Every structure is written in structure tokens, then in C-alpha cells.
> 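Sharing a structure with you now.
Because the structure is predicted, anything quoted here is derived from the model rather than measured. Scope of the values below: all heavy atoms of this structure, side chains included, with no hydrogens, waters or symmetry mates.
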Amino acid sequence: MRVPVRLVAALLPLAAVLAPCSAQAAAQPGLRTFGTHHAAGGPVREGSPDSAVDRVADFYGAYIDAVSDGTDNLSHELRSHYLTHDFQHRLTVWEEANHADGVLRAQDVPTHWEVRYHDSGAGHLFTTVTLTWGTGPHAAHTRLAVQSDLSTKLISDIEEG
């Protein structure tokens, strides 16, 4: 599979922003956790293309950056790379009906995101994405339930959770 250079360039900085994953994921078959380690230069974050949880975190980090920058078509390219074809169509229908970004389930861009393993079964992996809106003591949070297909590691559904 050929990956656009812009997509690769957008994903490289994610190594510095990946949020730690739940320790539960380590016990699940086919999953690899990523975490934060402290080195002399500060925290080091890691991930794996073999982990569906890491791929959800990679997608949300890059997608939020792309939407926040708003200067090109990268958010659509990321959707094409990380979402199943069927879900891309369902997401378009949802967005037309709700006048909002279906990936974020909102019209704005969050100030922070976090991805945690939730469960797996029947060929799917479920993660919880927590989005933070605003800063300080009055920041709001929303949670999204994200389903990935274990065979392809592609996101196949997002619902408010």
C-alpha cells in the first residue's frame, strides 16, 4: 500500500503526543500497549502499527491537528487511511444530518484528547476516546466509543459514549 508523503509527515510528530494506554490492553491478544517513559530529555512515548489502540490514538492525534490547522485536505486523507470505506459513507450521512464533524461529534476542535482500551470481542476492539473542550477548571469532556476491526485495524464506527 502506498502512503502519501504528507500523511507520513503528519504522523511522525505523533510520537511526541501519544497518550498512555490502559494497562488492560497488555493482557489482550494482538494488542501492544504504548506508554510514557521518562528519559533524560523528558517523556518518551511509543506506539506500534500492530496495535489497534495505537492506531486509534495515531488517528485522533493527527486528525485533531489537521482540523485545527485547517489549511489543507489532510483530515480527509486521514479518514481515507484510518476508516473503513463503509464507515466513511455512514459518517458523511451523519455529518449532513447533524451539521458537525462526525469524527469529533462536534463543530469545534478539542484542546486535548485521550484514548483508552475498553474491550474486545467478535473481531472488534473498542476504545474510549475522551475529548477535552477548553482549559482550566471549567473544561468540558465528551467520550466517544470507537470500534475498530481487528483484522484490518481500521475504525469501523464511532458513537457518543
Side-chain angles (χ1 to χ4, degrees), residues 1-4 6-39 42-69 74-91 94-95 101-106 109-133 139-161:
M1 176 167 85
R2 187 169 172 228
V3 179
R6 288 173 33 136
L7 179 60
V8 172
L11 295 178
L12 288 176
L14 285 176
V17 296
L18 290 176
C21 180
S22 169
Q24 292 176 316
Q28 299 301 317
L31 298 180
R32 183 175 179 277
T33 63
F34 57 92
T36 303
H37 306 284
H38 294 280
V44 175
R45 292 176 176 90
E46 60 186 30
S48 169
D50 294 330
S51 167
V53 175
D54 289 3
R55 290 179 60 92
V56 171
D58 291 345
F59 170 67
Y60 268 89
Y63 187 82
I64 289 168
D65 286 348
V67 172
S68 179
D69 293 346
L74 182 57
S75 62
H76 293 290
E77 292 176 24
L78 289 165
R79 286 178 179 219
S80 295
H81 184 76
Y82 283 97
L83 309 181
T84 65
H85 187 66
D86 175 62
F87 181 53
Q88 290 176 53
H89 289 293
R90 288 186 286 123
L91 201 57
W94 187 95
E95 290 173 333
D101 184 306
V103 170
L104 303 174
R105 294 297 202 249
V109 180
T111 55
H112 182 79
W113 57 269
E114 177 181 283
V115 175
R116 291 187 184 273
Y117 170 81
H118 178 74
D119 199 3
S120 61
H124 295 100
L125 175 121
F126 304 94
T127 51
T128 300
V129 175
T130 302
L131 303 175
T132 302
W133 308 92
H141 303 278
T142 57
R143 286 183 178 72
L144 303 175
V146 178
Q147 173 183 293
S148 300
D149 294 347
L150 283 174
S151 62
T152 62
K153 297 177 196 71
L154 296 176
I155 296 171
S156 55
D157 201 11
I158 300 170
E159 296 181 357
E160 293 184 41

> Can you tell me how far apart NE2 (H141) and OG1 (T130) are? Round to the nearest 0.5 Å.
8.5 Å
> Between CZ of F87 and OG of S148, what distance do you get to the nearest 0.5 Å?
10.0 Å
> With no hydrogens and no angle check, is any side-chain donor or acceptor of Y60 less than 3.5 Å from a backbone partner on V103?
yes
> Are the side chain of T111 and the backbone of T132 linked by a donor-acceptor contact shorter than 3.5 Å?
yes
> Please check this pair: side chain of R90 against backbone of D157, looking for a donor-acceptor N/O pair closer than 3.5 Å.
no
> Y63 vs L83, test: side-chain contact (heavy atoms from CB on, under 4.5 Å). Steps then yes/no.
CA-CA 12 Å; Y63 187 82; L83 309 181; over 6 Å; no
> Between S156 and Q147, is there a side-chain donor-acceptor contact under 3.5 Å, judged purely by atom types and distance?
yes
> Which distance, rounded to the nearest 0.5 Å, do you find between the CD of E160 and the CG of L144?
7.0 Å
> Can you name the closest pair of heavy atoms from G102 and I158 and give their distance?
O-CG2, 4.3 Å
> In Å, rounded to the nearest 0.5 Å, how long is the span from CH2 of W94 to CD of E159?
11.5 Å
> When rounded to the nearest 0.5 angstrom, what is the spacing between CG in D119 and OG1 in T127?
11.0 Å
> Got a sec, which residues hit side-chain hydrogen bond (donor to acceptor under 3.5 Å, both in side chains) with H89, two or more places apart in sequence or on another chain?
H85
> Checking the side chain of D149 only, and the main-chain atoms of T152 only, is there a donor and an acceptor separated by less than 3.5 Å?
no
> State the CG-CD distance between L131 and E114, to the nearest 0.5 angstrom.
10.0 Å
